[in-house]
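First the structure, in the form of structure tokens, and then the observations on it.
By convention in this document, chain letters (A, B, ...) are assigned in the order of the sequence lines, proteins followed by strands, and residues within each chain are numbered from 1.
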Amino acid sequence: MAEHFQLLQTDTATAARRGRLTTRHGAVETPIFMPVGTQGTVKAVTPVHLRELGAQIILGNTYHLSLRPGSELVRELGGLHRFMGWDGPILTDSGGFQVFSLAKLRDITDAGVAFQSHLDGARHFLGPREVMKIQADLGSDIAMVLDECPPWPCERDECARAVARSERWAKVCKAVAEESGFLAGGHHVFAIVQGSTFDDLRREAAQALAAMDFPGYAVGGVSVGEPEDEMLKQVGATAPFLPADKPRYTMGLGTPPQLLKMIALGVDMFDCVLPTRVARNGQVFTPDGPMNLRNEKFRTDPRPIVEGMDNYTCRNFSRAYLRHLSVAGEMLGGTLLTIHNLHFFLDLMAQARAHIEAGDYATWHRAWIARYEAGE
RNA sequence: GGUAGGAUACUCAAGUGGCCAACGAGGGCAGACUGUAAAUCUGCUGGCUUACGCCUUCCCUGGUUCGAAUCCAGGUCCUACCA
């Protein structure tokens with residue numbers, strides 16, 4: 001078993017796992033949800049909030065931070081942890097997905113991706129070496145390899161090319177991380193499995209990357225517009241071929257029921273902008289489904305978002321007040337709703353961990369999803 | 001008292017003979033958001049309707065016209081200036 005990842009328990013009725021991932025900035029209990037902090041901040045909340053919420057690890061982004069303020073500046077100021085005042089683990093995305101989502105601006109070759117900045121149109125280049133250098137500058141605890149994320153839907157030929165290119169890039173990223181001492185210094189590098197809807201391509205990619213012995217593995221190419229069934233099918237077609245003794249991470253997902261379903265498929269780590277983004281737009285999560293706090297029906301509602309939920313927002317504020325803040329466009333609304341939503345996701349993971357330990361994850365997660373989907 | 005200007009939907013505000021149930025903005029209501037170019041975006045917002053459509057509207061009354069928010073007459077109210 002890998003030194004940095006302990007499998008504490010494996011569920012018998014599902015493929016769910018209870019694990020512990022060790023990083024340079026502390027241990028992460030899995031399954032875990034990672035709040036997204038693209039530009040060196042989890043939008044609307046402070047590191048103090050994140051600590052109180054029990055956030056164990058957050059994301060940063062190579063693409064955004066390299067364009068602004070620049071990874072060398074971050075390095076000069078002590079690395080991303082010091083720069084943003086967060087001393088817990090940070091996983092950095094490589095920019096592969098951003099390049100995909102900025103499709104009109106890119107030019108992909110085997111060497112890397114030439115693209116124009118969305119900020120000022122300036123031309124930039126990101127290849128596997130550049131991506132690893134930037135993530136080293138940032139001081140990332142978990143760096144992601146550069147990958148090519150094909151769109152959905154995608155032709156098989158195009159997908160196969162992206163898979164092959166992603167494998168070549170992964171190999172270079174790994175080599176750079178070894179040569180530079182990045183891995184030896186306790187930083188991790190995770191590979192990313194592509195393959196879109198083609199199960200055999202995903203299996204082959206997973207096996208090829210597994211042979212390269214990365215510290216962790218991600219399922220990429222999901223949450224790119226495909227329906228939920230397709231997304232779960234792809235995760236299910238990938239996870240079994242990833243090394244059992246390494247952490248598994250599905251990138252960019254998902255909703256609360258999706259998270260529980262993917263845990264059952266054997267996934268350990270998740271990240272998603274959903275809870276933070278929708279919070280700023282007035283939506284909050286509850287055990288009985290999501291609700292839009294801006295709706296008129298909450299205008300005089302004196303209750304907290306979720307009765308008895310132990311976070312700053314639910315302990316102190318009524319739905320009526322939170323609705324007022326959100327409708328009025330007050331910044332505090334985004335902050336308080338973000339606190340609640342992140343707590344909701346992090347607490348859900350804590351419950352999942354407890355139920356995997358208790359051995360009743362299968363029945364518990366089905367009941368949880370049934371209630372959530374039934375609504376109020 | 002005189003002169004000039006003005007009264008349009010919840011608010012502000014376009015429209016000066018038919019393409020007007022009436023531009024636009026705000027407000028209101030609802031929806032979307034999944035490795036964050038998002039404190040963003042979309043739809044609806046006179047009534048009945050899924051909609052075609054029908055009905056009632058642009059201060060009031062009357063008139064001109066095939067046709068009026070738009071033209072004419074009178075009235076009511078508001079604003080500015082002069083007495």
When the C1' atoms of rC78(B) and rC59(B) are compared, how many Å lie between them, rounded to an integer?
11 Å

Within residues 211-237 of chain A, find the residues that approach RNA chain B with a heavy atom at under 4.0 Å, and present them sorted by residue number.
G221(A), S223(A)

Taking the six-membered ring of F214(A) as reference, does the NZ or CZ atom of K174(A) fall below 6.0 Å from its centre and within a 45° cone about the axis?
yes

For T276(A), report the nucleic acid contact type (base, sugar-phosphate, nothing); a contact means any heavy atom under 4.0 Å.
base

Applying a 4.0 Å non-hydrogen cut-off, can you work out what E330(A) is touching in the nucleic acid: base, sugar-phosphate, or nothing?
nothing

List the atom pairs, donor and acceptor, that lie under 3.5 Å between side-chain atoms in residues 71-80 of chain A and the rest of the protein, sequence neighbours left out.
from	atom 1	to	atom 2	distance (Å)
S71(A)	OG	D137(A)	OD2	3.2
E72(A)	OE2	K133(A)	NZ	2.9
R75(A)	NH1	D137(A)	OD1	3.3

Could you go through residues 50-60 of chain A and list every donor-acceptor pair under 3.5 Å that involves a side-chain atom there, pairing it with any protein atom two or more places apart or in another chain?
from	atom 1	to	atom 2	distance (Å)
R51(A)	NH2	D87(A)	OD1	2.7
Q56(A)	OE1	E29(A)	N	2.6
Q56(A)	NE2	E29(A)	O	3.4

Please list, by residue number, the residues of residues 120-151 of chain A whose heavy atoms come closer than 4.0 Å to an atom of RNA chain B; answer none if no residue qualifies.
D147(A), C149(A)

Ignoring hydrogens and angles, tell me if any N or O in the side chain of R248(A) forms a donor-acceptor pair with the backbone of M269(A) under 3.5 Å.
no

Does T41(A) have any side chain to side chain contact (heavy atoms under 4.5 Å, CB included) partners at least two apart in sequence or in another chain, and if so, which?
none

Report yes or no: is there a donor-acceptor pair, N or O only, under 3.5 Å between the side chain of Q98(A) and the base of rU36(B)?
no

Can you figure out which of rG35(B), rU34(B), rA37(B) approaches the side chain of T255(A) most closely?
rU34(B)

Protein within reach of the bases, or only the backbone? For nucleotides 27-33 of chain B, mark each nucleotide 5' to 3' as B, S or -, using heavy atoms under 4.0 Å.
-SSSSBB

Below 4.0 angstrom from OP1 or OP2 of rG35(B), is there any side-chain N or O of N61(A)?
no

With a distance cut-off below 6.0 Å to the six-membered ring centre and an angular limit of 45° from the axis, does R156(A) pair with F198(A) as a cation-pi contact?
yes

How long is the line joining CE of M251(A) and C1' of rU34(B), in whole Å?
13 Å

Please answer whether the main-chain N or O of Q283(A) pairs with a side-chain N or O of N292(A) as donor and acceptor at a distance below 3.5 Å.
no

Look at all strands and tell whether L91(A) reaches a base, only sugar-phosphate, or nothing, counting heavy atoms closer than 4.0 Å.
nothing

